Amino acid sequence: QDVGDTIMVVPENAVPAEPMARKQLLFDGSRKPLFWLLLRNLGLMIITLGIYRFWAKTRVRQFFWRHTNFLDEPLEYLGTGAELFVGFLIAIVVLVPLGAVYSLLQFFFIGQPFWVSMAVDAVYYTVILFLVQIAIHRMRRYRLTRTSWRGVRFGLDGSSLRYALISFGYGLLTMVTLWLAYPWLRVATLKYFFNNARFGSS
């Protein structure tokens with residue numbers, strides 16, 4: 001060997017080390033505690049007429065997060081049921097007036113040509129689909145900002161509006177091409193998501 005090379009002597013009876021890749025990510029949760037958690041959530045949801053579902057979802061996420069270990073350190077979920085409940089109320093505030101306007105327009109256009117009703121439907125469902133894409137980006141941002149590892153939070157930058165435009169544009173292309181452009185839709189949306197995701201400031 002050349003001068004400067006390092007020579008490592010390994011004993012013949014040494015046990016090969018387990019590859020690091022097998023230890024990096026591990027889920028150590030079990031079914032029994034999860035079953036009782038889901039059963040308790042179901043009971044509380046029945047008692048509260050479904051209102052507890054936001055807190056139930058939080059409890060389930062906390063279970064999965066704390067049993068997911070990366071490099072022997074568990075993830076931590078910092079979200080609360082109250083935050084999910086407030087988000088639901090905000091969605092209701094947006095969707096209820098939109099639905100009311102749609103119903104009002106349908107009433108006014110009774111007796112009009114069929115294409116007028118179709119145009120109103122097209123505009124309404126287009127707006128709904130666009131809002132859904134905004135909600136998806138904001139949902140991912142919420143989950144990341146409420147997830148931490150070793151005390152450092154994840155995050156998601158970028159614009160929900162920009163994500164919706166990308167997703168909606170490629171979605172239209174996918175429909176026009178009879179789903180042939182779907183792979184490009186997936187790549188474009190995931191690329192925008194991962195390019196804006198961060199851990200701490202990195």
Side-chain angles (χ1 to χ4, degrees), residues 38 41-62 77-147 153-198:
L38 295 176
N41 285 344
L42 178 61
L44 291 173
M45 287 173 60
I46 293 175
I47 293 174
T48 60
L49 302 179
I51 296 178
Y52 186 76
R53 66 183 297 267
F54 306 101
W55 286 265
K57 182 178 293 186
T58 298
R59 299 290 183 271
V60 172
R61 288 179 181 176
Q62 288 173 343
Y77 183 72
L78 306 173
T80 65
E83 290 176 337
L84 294 180
F85 181 64
V86 171
F88 170 76
L89 293 179
I90 293 174
I92 292 297
V93 169
V94 173
L95 293 178
V96 168
L98 185 62
V101 171
Y102 171 66
S103 299
L104 191 61
L105 289 176
Q106 282 189 321
F107 176 77
F108 280 130
F109 288 127
I110 292 178
Q112 296 295 323
F114 178 72
W115 67 266
V116 175
S117 178
M118 289 292 295
V120 172
D121 288 344
V123 171
Y124 174 73
Y125 288 109
T126 298
V127 173
I128 291 295
L129 290 175
F130 191 80
L131 292 177
V132 166
Q133 301 309 313
I134 292 178
I136 289 174
H137 187 267
R138 295 183 66 86
M139 175 191 68
R140 289 177 173 175
R141 173 178 290 168
Y142 176 80
R143 288 185 182 179
L144 280 181
T145 57
R146 298 307 186 272
T147 300
R153 290 199 187 202
F154 291 83
L156 181 63
D157 298 326
S159 168
S160 298
L161 181 60
R162 173 64 177 167
Y163 176 87
L165 289 172
I166 293 173
S167 180
F168 195 77
Y170 277 96
L172 291 177
L173 181 62
T174 299
M175 288 189 293
V176 170
T177 60
L178 302 180
W179 236 249
L180 291 177
Y182 180 73
W184 282 266
L185 166 65
R186 292 288 294 166
V187 169
T189 53
L190 289 176
K191 182 178 180 180
Y192 188 80
F193 169 70
F194 282 109
N195 285 347
N196 288 283
R198 57 181 168 80

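Small disclaimer: the values here were computed from a predicted structure and weren't measured. Quick note: numbers below take in every heavy atom, side chains included, and nothing from hydrogens, waters or symmetry partners.
For R53, there are no salt bridge (charged side-chain N to carboxylate O under 4.0 Å, His left out) partners, not counting sequence neighbours. Take E83 and apply the side-chain hydrogen bond (donor to acceptor under 3.5 Å, both in side chains) test, not counting sequence neighbours, and it matches Y142, R146.
A pairwise comparison of heavy atoms in T58 and G79 identifies CG2-O, 3.5 Å as the closest pair. Scanning all heavy atoms of the two residues, the minimum distance from A188 to Y170 falls at CB-CE1, 3.5 Å. Heavy atoms only, all atoms of each residue included: A164 and I134 are closest at CB-CG1, 3.5 Å. The minimum heavy-atom distance linking T177 with A181 is given by the pair OG1-N, 3.1 Å.
Under the 4.5 Å side-chain criterion, counting only non-hydrogen atoms from C-beta, S160 is in contact with R141. Under the 4.5 Å side-chain criterion, counting only non-hydrogen atoms from C-beta, Y192 is in contact with S159. Between L144 and R198 the shortest side-chain heavy-atom distance does not fall below 4.5 Å. Taking the side chain as every heavy atom from C-beta outward, F130 and L161 approach each other to under 4.5 Å. Looking at heavy atoms from C-beta onward, L38 lies in side-chain contact with V60 at the 4.5 angstrom threshold. Looking at T189 and Y163, their side chains come closer than 4.5 Å, going by heavy atoms from C-beta outward.
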**Study point:** I166 and Q133: CA distance, side-chain angles, deciding distance, side-chain contact (heavy atoms from CB on, under 4.5 Å) verdict
**Key:** CA-CA 9 Å; I166 293 173; Q133 301 309 313; over 6 Å; no
Exercise for review: Report the C-alpha distance between L84 and R61 in whole Å, list the side-chain angles of each, state the deciding distance to 0.1 Å, and finish with yes or no for side-chain contact (heavy atoms from CB on, under 4.5 Å).
Suggested key: CA-CA 12 Å; L84 294 180; R61 288 179 181 176; 4.1 Å; yes
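To the nearest 0.5 Å, atoms CG (N195) and CG (L190) are separated by 10.5 Å. Taken from CD in Q106 to OH in Y102, the straight-line distance is 3.5 Å, to the nearest 0.5 Å. Between atom CG of residue L98 and atom CD1 of residue I128 there is a gap of 4.5 Å, rounded to the nearest 0.5 Å. Here the CZ atom belonging to F154 is positioned 11.0 Å from the CG atom belonging to L78, to the nearest 0.5 angstrom. Within the model, atoms CD1 of I51 and CZ of F85 stand 6.0 Å from one another, a figure rounded to the nearest 0.5 Å. Of the inter-residue distances, the one linking H137 atom NE2 with M139 atom CE reads 10.5 Å to the nearest 0.5 angstrom.
Using the six-membered ring where Trp is involved, F54 and F88 have ring planes that are tilted, between 30° and 60° apart.
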